[in-house]
Amino acid sequence: VLATGGAGMMHKATTNPSIATGDGVAMASRSGADIRDMEFIQFHPTALHSNNPRPFLITEALRGHGAELMTIEEYSVWKKNGVGVDPSEHSFMLNYSPMGSLGTRDVVARAIDSEMKRSGDPHVLLVTEHLDKGDLEDSFPTISKRLREEGIEIGVSPIPVTPAAHYMVGGVAVDGLGRVECKGAPMPGLYAIGEVARTGLHGANRLASNSLLEAVVYSGRASRDIIERWKNGDLGEFIGRLPRWRSEDLGLLIENMPLITDLAALRSTMTQDVGLVKSDYRLERAERRVEHIEKEVSRYWKSCKPTQELIELRNLVLVSKLVVDASKSRRNNVGLHFNMDLV
Ligand SMILES: Cc1cc2nc3c(=O)[nH]c(=O)nc-3n(C[C@H](O)[C@H](O)[C@H](O)COP(=O)(O)OP(=O)(O)OC[C@H]3O[C@@H](n4cnc5c(N)ncnc54)[C@H](O)[C@@H]3O)c2cc1C
């Protein structure tokens, strides 16, 4: 059963843990499984901007509570006018959605991305100064504590935020029982559950919190199906047909730095060119760059004993290729896929 989670590590900023390197998708893809909907990567709009590669997530409930998004410039104008003025009137979000800062996750994330690209600023600001500090601390104790550790006082100072890769909607195609599909038919003995699986339940744009529901429902279905088939001797042969892995003739990886550089290049390409706002030109460029990195990584793969870093990088490269291919193939803007040449 593949249950390896997502692939957020292919982006420069991600809310995902460091294990999110797309191992399950890569393994299944190499085995010939159907991989679908990889163009739909969800970005969380408001991760704390910091040097931490895994930024802290600022819940959308804070905006539900009245926090407003502003550019750095808008914030200074608002401060100059006196904070008594309704802060929502100063938010760039009104140019993107009639709901302002309460727009949906994809709209808000794309709006922030556009404003950052326009201004060149490394982040926008989530403003809470117009709200009651005590109430904020009571309602969001973990966020308040975490922000304080970063030197930011909720209700007093603006919070620097940027979008971060959050959830992989696509993945290994499964049927209603969690059985991995190959050319539309179940692959004997292989299941996928959780974020690695593409069930279709999220459509093109996951609604917050549905992934845990999906994971629980499909784990239940898959486990019942496995037990049933096991009882009937109907799980199929799998392990016996695996080729033997040999690495005795391979040398040790002498330098780790090239892998670190390749990973940084991959993450940079995926974020700049295959992130929230894509274009045909960006996708072509990303394709060339990912292919180049793939060749480099492949040289190490063929000559060195595998290390965790090498295995994960190789998998991330393959998953990135799948995202680029799927993004190039999708010729309409829907859900989390936005190509400005298709507007
Ligand atoms: C900060 C944050 C907040 C979230 N909040 C919500 C929420 O409120 N509601 C909601 O529905 N969803 C939320 N999500 C999404 C949801 O948490 C994830 O989609 C879900 O946890 C994924 O579960 P999983 O079991 O598929 O993968 P994971 O929980 O990522 O587990 C994958 C496991 O596989 C292991 N693994 C990976 N590769 C290998 C390998 N090659 N070999 C062996 N083991 C491997 C990992 O070590 C890990 O233990 C959130 C996600 C994040 C990051």
Side-chain angles (χ1 to χ4, degrees), residues 1-31 33 35 37-38 40-50 52-64 104-106 108-109 140 142-143 145-147 161-174 178 180 190-203 205-223 239 242 245 263 301 306-320 336:
V1 179
L2 295 172
T4 50
M9 289 301 286
M10 78 183 135
H11 283 282
K12 269 204 296 197
T14 177
T15 61
N16 291 185
S18 60
I19 53 87
T21 50
D23 294 355
V25 173
M27 286 190 281
S29 170
R30 283 193 288 267
S31 305
I35 309 294
D37 292 349
M38 292 300 285
F40 303 129
I41 302 286
Q42 183 169 65
F43 286 73
H44 195 286
T46 54
L48 182 69
H49 174 74
S50 73
N52 189 338
R54 196 190 158 202
F56 178 60
L57 199 156
I58 310 287
T59 172
E60 287 164 311
L62 198 56
R63 277 180 283 129
T104 55
R105 196 174 263 191
D106 53 329
V108 176
F140 304 99
T142 314
I143 291 183
K145 181 171 168 286
R146 186 63 210 276
L147 287 175
V161 290
T162 54
H166 188 53
Y167 188 83
M168 181 178 75
V169 168
V172 184
V174 295
V180 171
L190 189 59
Y191 292 72
I193 51 172
E195 196 166 331
V196 68
R198 181 273 183 198
T199 61
L201 287 192
H202 300 305
N205 193 353
R206 178 185 81 114
L207 289 176
S209 271
N210 275 356
S211 49
L212 296 181
L213 279 177
E214 182 210 58
V216 168
V217 169
Y218 272 75
S219 311
R221 289 184 185 179
S223 56
I239 302 290
L242 282 178
W245 171 257
L263 176 60
W301 181 255
T307 61
Q308 183 175 338
E309 288 78 14
L310 181 54
I311 291 169
E312 289 182 343
L313 177 58
R314 179 172 177 253
N315 288 339
L316 278 174
V317 169
L318 176 51
V319 174
S320 300
L336 297 165

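Nothing here was measured: the structure is a model prediction, and the numbers come from that model. Counting convention: from 1, in listed order, for ligands and their atoms alike.
- T15 and H44 are not linked by any side-chain donor-acceptor pair at a separation below 3.5 angstrom, with hydrogens and angles left out of the test.
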Run the side chain to side chain donor-acceptor pair (under 3.5 Å) test on T46 and E60 for me, step by step, so that the C-alpha distance in whole Å, both residues' side-chain angles and the decisive distance to 0.1 Å come before the verdict.
CA-CA 7 Å; T46 54; E60 287 164 311; over 6 Å; no
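- Residue L318 comes nearest to A26 through the heavy atom pair CD2-O, 3.6 Å, listed as atom of the first residue, atom of the second, then distance.
- Residue V172 comes nearest to A28 through the heavy atom pair CG2-CB, 3.7 Å, listed as atom of the first residue, atom of the second, then distance.
- The closest side-chain heavy-atom distance from H202 to Y167 is below 4.5 Å.
- No side-chain donor-acceptor contact under 3.5 Å links E195 and S211.
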Need the list: ligand 1 N/O atoms against protein N/O atoms, distance under 3.5 Å, rounded to one decimal.
{"from": "ligand 1", "atom 1": "9 (N)", "to": "S209", "atom 2": "OG", "distance (Å)": "3.2"}
{"from": "ligand 1", "atom 1": "11 (O)", "to": "S209", "atom 2": "O", "distance (Å)": "2.8"}
{"from": "ligand 1", "atom 1": "11 (O)", "to": "S211", "atom 2": "N", "distance (Å)": "3.3"}
{"from": "ligand 1", "atom 1": "11 (O)", "to": "S211", "atom 2": "OG", "distance (Å)": "2.9"}
{"from": "ligand 1", "atom 1": "11 (O)", "to": "L212", "atom 2": "N", "distance (Å)": "3.0"}
{"from": "ligand 1", "atom 1": "12 (N)", "to": "R206", "atom 2": "NH1", "distance (Å)": "3.4"}
{"from": "ligand 1", "atom 1": "12 (N)", "to": "S211", "atom 2": "OG", "distance (Å)": "2.7"}
{"from": "ligand 1", "atom 1": "19 (O)", "to": "E195", "atom 2": "OE1", "distance (Å)": "2.6"}
{"from": "ligand 1", "atom 1": "26 (O)", "to": "E195", "atom 2": "N", "distance (Å)": "2.8"}
{"from": "ligand 1", "atom 1": "34 (O)", "to": "A3", "atom 2": "O", "distance (Å)": "3.3"}
{"from": "ligand 1", "atom 1": "38 (N)", "to": "D23", "atom 2": "OD2", "distance (Å)": "3.4"}
{"from": "ligand 1", "atom 1": "41 (N)", "to": "D23", "atom 2": "OD2", "distance (Å)": "2.7"}

